[in-house]
Peer 1: 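Mind having a look at this structure? Questions to follow.
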Amino acid sequence: MRKLADYSNWLAIALVSVALALFLQPWRPEWSGYARYLAVAGLVLLLLSMLAGWRDIAATFQRRQTRLSTITITSVAVVLGILVLINIIGTRQSKRWDLTANAVYTLSDQTQNVLKKLDGPLAIKVFYSQKEMDLQRYKDQLAEYEHASSHVSVEYVDADRQRAKAIQYKVEAYGTVVLEYNGRVERVTGSGEQDLTTGIIKVVTGTQKKIYLTQGHGEKSPDSTERAGFSTVKTSLERENYGVDKVALIEHGQVPADAAVLIVAGPKTDLLAPEVEAIRKYLAGGGKLMVMLDPPESSKSAPLANLEGLLRQWGFDIGTNVVVDASGLGQIFGADAATPVAASYPAHPITDRFGYMTAYPLARSIGPLKNGANGHTPDTFIRTSPRSWGESDIDGLMKSGEVKFDEGKDLKGPVSIGAAVSAPVDAPVQTPAGADKNAKPSETRVVAIGDSDFASNAYVSVQGNRDMFMNTIGWLAQQENLISIRPREASDRRLTMTTAETRLIFFLAIFGIPGAILAMGVYTWWRRR
């Protein structure tokens, strides 16, 4: 019986070995079907052999050395099993942790929102050269896009070997990323998230929406690169497939028919009556208006009666004050109390899941009128801290810089400095030439903010200022999928040291730390002696 068991063991090992060889061999794939039968036969023979010699096996396990070996083998098998299980879970459940300060390796809310809105396949083709490019940075970035949406597919095309395809897609440089969606094509030269998402927005939206900024009354200019200019937000708008242009309403006579949003950014003088009438007609036809009103420079400053009157017709309460904030939050940005900071926001689509602070240098209060107007009641979406108020003594604040709340005179905080209202369209709609005359926007939308400097070149990079401005435009233009937090750039983490600090680190590394270790060794040796 023992000899039969021995033969069965060797035969079982031979059958399993042959089965493994058949399974792994690449020459005759059809033979791999026999591997399963041979493996089962080998295992059956092994079990029969164990049953036949169970007394010998039991006697072997009674030995101390055998028990210790069995425990060791079992422990190793358990550890290997755990490692295999972890790897299986890791391949099926992808989980990453982004530990960078700005989460630059995690897709932004904006990118995820855009990808979730895809209703068709988005083909991404990366044209590269094996000799001149490193594809890894593209693969790392685009893998996140594929993981975020099942509609995204990525293809890597060697522009040298597949020259015909490069010509077909009009690729002129290595590193060009071609985006295809619903028959539209967009080309991007860059592997960063901002570049890729900008290209996806353009290919998904298709048509470009126009943003017009009024000029002629001291408003902020989209072409100005000065601190007070709007060139930075113009670039941000163009990245999201908006066209940006200026318009002088007194010359044009009306708001351009292709205007998706009209912006009045910090006028120094009042708009003329014909200009306000043109804006009123634009709104009656389903227009979208954003007004940013800075506070008056003194108590003697002429009010912007025409523009403020238009806003009051839509239910906005325009304060004649300067909002100050005694909470000290403005000091975070190196500003004084005249720069109120908003850290929490009332519920509104513009500020949905918005978790960044925003700062408003020299702002005035703008909120809803108590009972609204003409059936319009705006909703506040920017509100300052409870320790802020609307200072009515503008002259005293500008001269002395001292802030003090006067009960009964000043507007008690928290103060609304931004509000929005929407209303159904009840008048014929302006449409651009060649457009569908029956097209009708769902509603008119108006936003008023008591400061224009927050979006200027000097302050737009402060925390969430840029996102607040862009989200407001997205809501006005009815591009809700663009209301989100945009991709962040990697922050500069360089350590700048003086010559003395560099010398100190050098001596500590070369002499200090090794000397301390040597001294500890000598002291330990002396104590043992």
Side-chain angles (χ1 to χ4, degrees), residues 110 194 209-215 217-240 242-247 259-268 288-295 304 307 311 316 322-323 330 333-335 338-343 345 348 350-351 354 356-366 380-384 416-420 445-477 479 482-486 488-489:
Q110 183 191 49
Q194 182 68 73
K209 294 197 172 188
K210 290 296 292 289
I211 309 294
Y212 286 93
L213 285 85
T214 62
Q215 299 291 288
H217 302 277
E219 299 97 328
K220 300 290 193 297
S221 171
D223 299 326
S224 174
T225 57
E226 302 294 329
R227 287 175 56 83
F230 266 30
S231 61
T232 303
V233 294
K234 177 185 178 182
T235 301
S236 298
L237 288 168
E238 290 173 341
R239 282 179 176 175
E240 297 189 6
Y242 292 108
V244 181
D245 206 347
K246 298 182 292 186
V247 60
V261 178
L262 179 69
I263 301 177
V264 184
K268 302 296 183 183
K288 313 294 187 292
L289 174 66
M290 180 179 186
V291 179
M292 292 179 277
L293 286 180
D294 295 317
L304 308 181
L307 185 56
L311 291 177
F316 293 95
V322 174
V323 180
F333 310 107
T339 302
V341 174
Y345 307 88
H348 193 275
I350 294 175
T351 53
F354 193 88
Y356 287 92
M357 290 190 292
T358 50
Y360 304 87
L362 286 179
R364 72 195 304 170
S365 65
I366 292 185
T380 295
F381 67 93
I382 304 175
R383 182 181 293 154
T384 60
S416 171
I417 58 176
R445 294 183 175 184
V446 182
V447 168
I449 299 176
D451 177 44
S452 66
D453 294 315
F454 84 98
S456 65
N457 297 333
Y459 297 98
V460 72
S461 298
V462 172
Q463 283 280 336
N465 281 19
R466 180 174 71 112
D467 286 320
M468 177 62 74
F469 178 84
M470 296 300 296
N471 283 5
T472 303
I473 296 297
W475 181 76
L476 285 169
Q479 298 272 73
L482 301 184
I483 298 176
S484 54
I485 305 301
R486 284 145 185 86
R488 298 285 167 184
E489 299 294 335

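Just so you know, these numbers come straight off a predicted model, no measurement behind them. Nothing fancy with the numbering, it's 1 onward along the sequence.
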Peer 1: Taking side-chain contact (heavy atoms from CB on, under 4.5 Å) as the test, write out the residues that go with Arg383, two or more places apart.
Peer 2: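 For Arg383 the side-chain contact (heavy atoms from CB on, under 4.5 Å) partners, ignoring immediate neighbours, are Pro346, Thr380, Pro414.
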Peer 1: Could you tell me which residues satisfy side-chain contact (heavy atoms from CB on, under 4.5 Å) with Ala343, sequence neighbours excluded, listed by chain and number?
Peer 2: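 With sequence neighbours excluded, Ala343 shows a side-chain contact (heavy atoms from CB on, under 4.5 Å) to Met357, given in chain and number order.
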Peer 1: Evaluate the side chain to side chain contact (heavy atoms under 4.5 Å, CB included) criterion for residues Leu237 and Met470: first the C-alpha distance (whole Å), next the side-chain angles of each, then the deciding distance (0.1 Å), finally the verdict.
Peer 2: CA-CA 7 Å; Leu237 288 168; Met470 296 300 296; 3.7 Å; yes
Peer 1: Hey, is the main chain of Ala359 close enough, under 3.5 Å, to the side chain of Asn465 for a donor-acceptor pair?
Peer 2: yes
Peer 1: Would you confirm whether Tyr356, through its side chain, and Val462, through its main-chain N or O, come within 3.5 Å as a donor-acceptor pair?
Peer 2: no
Peer 1: Over 60° means perpendicular and under 30° means parallel, so classify the ring planes of His348 and Phe381, tilted if in between.
Peer 2: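 Plane angle between 30° and 60°, so tilted.
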Peer 1: Dump the intermediate steps for side chain to side chain contact (heavy atoms under 4.5 Å, CB included) on Thr351 and Asn471, then the final yes or no.
Peer 2: CA-CA 8 Å; Thr351 53; Asn471 283 5; over 6 Å; no
Peer 1: Hey, are the side chains of Leu311 and Leu293 touching, using non-hydrogen atoms and a 4.5 Å cut-off?
Peer 2: yes
Peer 1: May I ask you to test the Leu213-Glu219 pair for a side-chain heavy-atom distance under 4.5 Å?
Peer 2: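 In short, these two side chains do not touch, never coming nearer than 4.5 Å.
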Peer 1: Just jot down the side-chain hydrogen bond (donor to acceptor under 3.5 Å, both in side chains) partners of Asp294, sequence neighbours excluded, or say none.
Peer 2: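 Counting only residues at least two positions away or on another chain, Asp294 forms a side-chain hydrogen bond (donor to acceptor under 3.5 Å, both in side chains) with Ser452.
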Peer 1: Show the numbers, then the answer: is there a side chain to side chain contact (heavy atoms under 4.5 Å, CB included) between Ile263 and Ile473?
Peer 2: CA-CA 9 Å; Ile263 301 177; Ile473 296 297; 3.7 Å; yes
Peer 1: With sequence neighbours excluded, tell me which residues meet side-chain contact (heavy atoms from CB on, under 4.5 Å) with Ser221.
Peer 2: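 For Ser221 the side-chain contact (heavy atoms from CB on, under 4.5 Å) partners, ignoring immediate neighbours, are Gln215, Asp223, Ser224, Lys246.
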Peer 1: With respect to Lys288, which candidate in Val446, Val447, Leu262, Val261 satisfies the side-chain contact (heavy atoms from CB on, under 4.5 Å) definition?
Peer 2: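 Passing option: Val261.
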Peer 1: Return the set of residues passing salt bridge (Lys or Arg N to Asp or Glu O under 4.0 Å) with Asp453 (not counting sequence neighbours), or none when no residue passes.
Peer 2: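 Per chain and number, Asp453 pairs via salt bridge (Lys or Arg N to Asp or Glu O under 4.0 Å) with Lys220.
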Peer 1: Mark yes or no for whether Arg445, through its side chain, and Trp475, through its backbone, hold a donor-acceptor pair below 3.5 Å.
Peer 2: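 Checking the backbone N and O of Trp475 against the side chain of Arg445, a donor-acceptor pair under 3.5 Å is found.
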Peer 1: Do Tyr459 and Thr339 meet the criterion of a side-chain donor-acceptor pair at a distance under 3.5 Å?
Peer 2: no
Peer 1: State, yes or no, whether a side-chain contact exists between Leu304 and Pro267 at a heavy-atom distance under 4.5 Å.
Peer 2: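 Yes, at least one pair of side-chain atoms sits under 4.5 Å.
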Peer 1: Indicate yes or no: at least one non-hydrogen side-chain atom of Tyr345 is less than 4.5 angstrom from one of Thr358.
Peer 2: yes
Peer 1: Between Lys234 and Val244 (side chain of the first, backbone of the second, donor and acceptor by atom type, cut-off under 3.5 Å), is there such a pair?
Peer 2: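 Flag not set: sc Lys234 to bb Val244 has no pair under 3.5 Å.
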Peer 1: Tell me, please, which residues at least two apart from Phe454 pass ring pair (Phe, Tyr, Trp, His ring centres under 6.0 Å).
Peer 2: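 For Phe454 the ring pair (Phe, Tyr, Trp, His ring centres under 6.0 Å) partners, ignoring immediate neighbours, are Tyr360.
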